[in-house]
Amino acid sequence: MTNLYGPEPGGPDFLAALTDRQRARYEELGTNLEVVERRIADACAAAGRAREEVRLVVVTKTHPAEDTALLAALGVTDVAENRDQDAAPKAETCRELPLDWHFVGQLQTNKVRSVVRYANHVHSVDRLRLVESLAAAVRNAGRPPLGCLVQVALDKEAGEGEGRAGVAPGEVLALADAIADTPGLRMDGVMTVAPLAGPLAGDPAAAFARLAEIATAVRGSHPAATMVSAGMSGDLEQAVAAGATHVRVGTAVLGVRPTLR
């Protein structure tokens with residue numbers, strides 16, 4: 001069997017060396033990717049945007065490293081995880097693959113040192129203590145600056161979402177300033193998940209439009225912070241329409257996730 005985790009997953013002998021099971025999964029993932037790519041292209045066309053303006057980040061959480069390698073062979077370059085205990089060993093297994101790793105889950109400070117070893121982008125920065133911990137871990141690792149996005153909790157604008165990840169819209173600029181002023185970190189943009197509570201619940205188009213307003217305000221102070229991470233399998237079209245630059249898609253590419261261990 002071929003080494004799935006080498007630097008050339010799409011090489012000429014790759015498919016021939018796959019087992020029947022691996023080849024079937026490769027074809028399944030390829031078909032799903034084609035559907036998602038068409039959805040993104042259609043959404044871009046409807047919004048008058050170039051397809052190149054939107055990056056697909058495939059969320060591989062709970063799926064095996066083998067799937068990640070097959071995705072790389074299919075041309076996927078951006079993958080995301082939301083739990084370090086799953087992400088760290090998977091990133092190590094796939095370390096030779098040409099992949100850009102994103103961390104998109106709620107991040108505890110005791111996991112920061114591990115996350116900065118493999119992630120190039122953290123989408124879920126939502127408190128000053130996390131900013132400080134990330135910066136210290138980057139310094140200790142001697143790695144290039146880490147891209148950070150402020151996670152926006154849109155429901156907190158209406159007084160909902162207490163205890164959930166993300167900062168209220170009114171706190172975004174202060175946290176963005178802190179990231180930009182911290183050596184070792186790079187202020188890249190904003191991220192949100194369509195809220196489950198408050199007046200924007202059940203209305204992803206309105207939620208992502210509100211995020212677009214916040215993103216514009218952030219760019220007023222930080223012009224290079226152009227990333228807008230929004231939209232998942234069920235609402236990527238609304239996110240693209242509102243200006244998302246990165247859509248985080250899992251189930252639509254990989255299928256229903258295995259049960260968490």
Side-chain angles (χ1 to χ4, degrees), residues 4 9 22 24-44 51 54-91 93-94 97-107 111 115 118-124 147 149 151-153 164-166 189-196 202 204 207-208 211 227-242 244-261:
L4 293 178
Q22 289 170 334
R25 180 59 167 160
Y26 177 88
E27 293 172 356
E28 177 187 13
L29 292 173
T31 297
N32 293 346
L33 273 172
E34 288 178 2
V35 172
V36 171
E37 284 288 345
R38 173 49 53 192
R39 288 177 61 190
I40 296 172
D42 288 347
C44 286
R51 171 64 186 88
V54 180
R55 291 187 73 86
L56 169 62
V57 181
V58 180
V59 182
T60 57
K61 61 184 182 182
T62 76
H63 290 276
E66 183 175 279
D67 280 351
T68 304
L70 294 173
L71 289 168
L74 287 161
V76 170
T77 56
D78 293 79
V79 294
E81 291 284 330
N82 74 327
R83 301 199 314 165
D84 177 66
Q85 56 264 49
D86 295 329
K90 193 181 299 185
T93 298
C94 299
L97 296 176
L99 293 169
D100 195 8
W101 290 84
H102 301 245
F103 191 86
V104 298
Q106 188 168 11
L107 181 53
K111 298 293 186 180
V115 168
Y118 58 85
N120 292 319
H121 316 273
V122 174
H123 291 227
S124 47
L149 286 78
Q151 181 173 353
V152 185
R164 286 204 287 269
V190 295
M191 181 273 263
T192 202
V193 177
L196 299 176
F208 298 144
L211 182 68
M227 286 180 66
V228 181
S229 173
M232 297 188 290
S233 292
D235 54 20
L236 70 84
E237 285 86 358
Q238 293 94 325
V240 170
T245 63
H246 292 67
V247 292
R248 311 178 307 274
V249 179
T251 303
V253 172
L254 288 145
V256 177
R257 299 185 182 97
T259 302
L260 289 173
R261 293 187 300 277

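Rounding to the nearest 0.5 angstrom, the gap separating the CD atom in E66 from the CG atom in L71 is 11.0 Å. A distance of 11.0 Å separates CD in E27 from CG in L70, rounded to the nearest 0.5 Å. A distance of 12.0 Å separates CD of E37 from CG of N32, quoted to the nearest 0.5 Å. Within the model, atoms NZ of K111 and CZ of R83 stand 9.5 Å from one another, a figure rounded to the nearest 0.5 Å.
When atom types are taken as modelled, the side chain of T192 and the backbone of A230 share no donor-acceptor pair closer than 3.5 angstrom.
No side-chain heavy atom of L236 sits under 4.5 Å from any side-chain heavy atom of L56. Contact check for S124 versus Q151: side-chain heavy atoms found under the 4.5 Å cut-off. Looking at H121 and H246, their side chains never come closer than 4.5 Å, going by heavy atoms from C-beta outward. Contact check for Q22 versus L4: side-chain heavy atoms found under the 4.5 Å cut-off. Looking at heavy atoms from C-beta onward, M191 lies in side-chain contact with R248 at the 4.5 angstrom threshold. Inter-residue side-chain proximity for T60 and L254 is flagged as met; some heavy-atom pair is nearer than 4.5 Å. Side-chain contact check for L29 versus Y26: every heavy-atom pair is 4.5 Å or farther apart.
Closest approach of A153 and A165 over heavy atoms only: CB-O, 3.6 Å. The two residues V36 and A252 come nearest to each other via the heavy atoms CG2-CB, 3.7 Å. When all heavy atoms of A91 and W101 are compared, the pair lying nearest together is CA-CZ2, 3.6 Å. When all heavy atoms are compared, the tightest approach of P64 to K90 is C-CE, 4.3 Å. Heavy-atom minimum distance, M227 versus L149: CE-CD1, 3.8 Å. Across every non-hydrogen atom of N82 and F103, the tightest pair is O-CZ, 3.5 Å.
Under the side-chain hydrogen bond (donor to acceptor under 3.5 Å, both in side chains) rule, R55 has a single partner from T245, D100, T77, which is T77. Under the side-chain contact (heavy atoms from CB on, under 4.5 Å) rule, T68 has a single partner from L99, V76, V58, which is L99.
Pairs passing the side chain to side chain donor-acceptor pair (under 3.5 Å) check and including a residue from residues 230-239, sequence neighbours excluded, read R39-E237.
Taking the charged nitrogens against the carboxylate oxygens, D86 and K61 have no contact shorter than 4.0 Å, which rules out a salt bridge.
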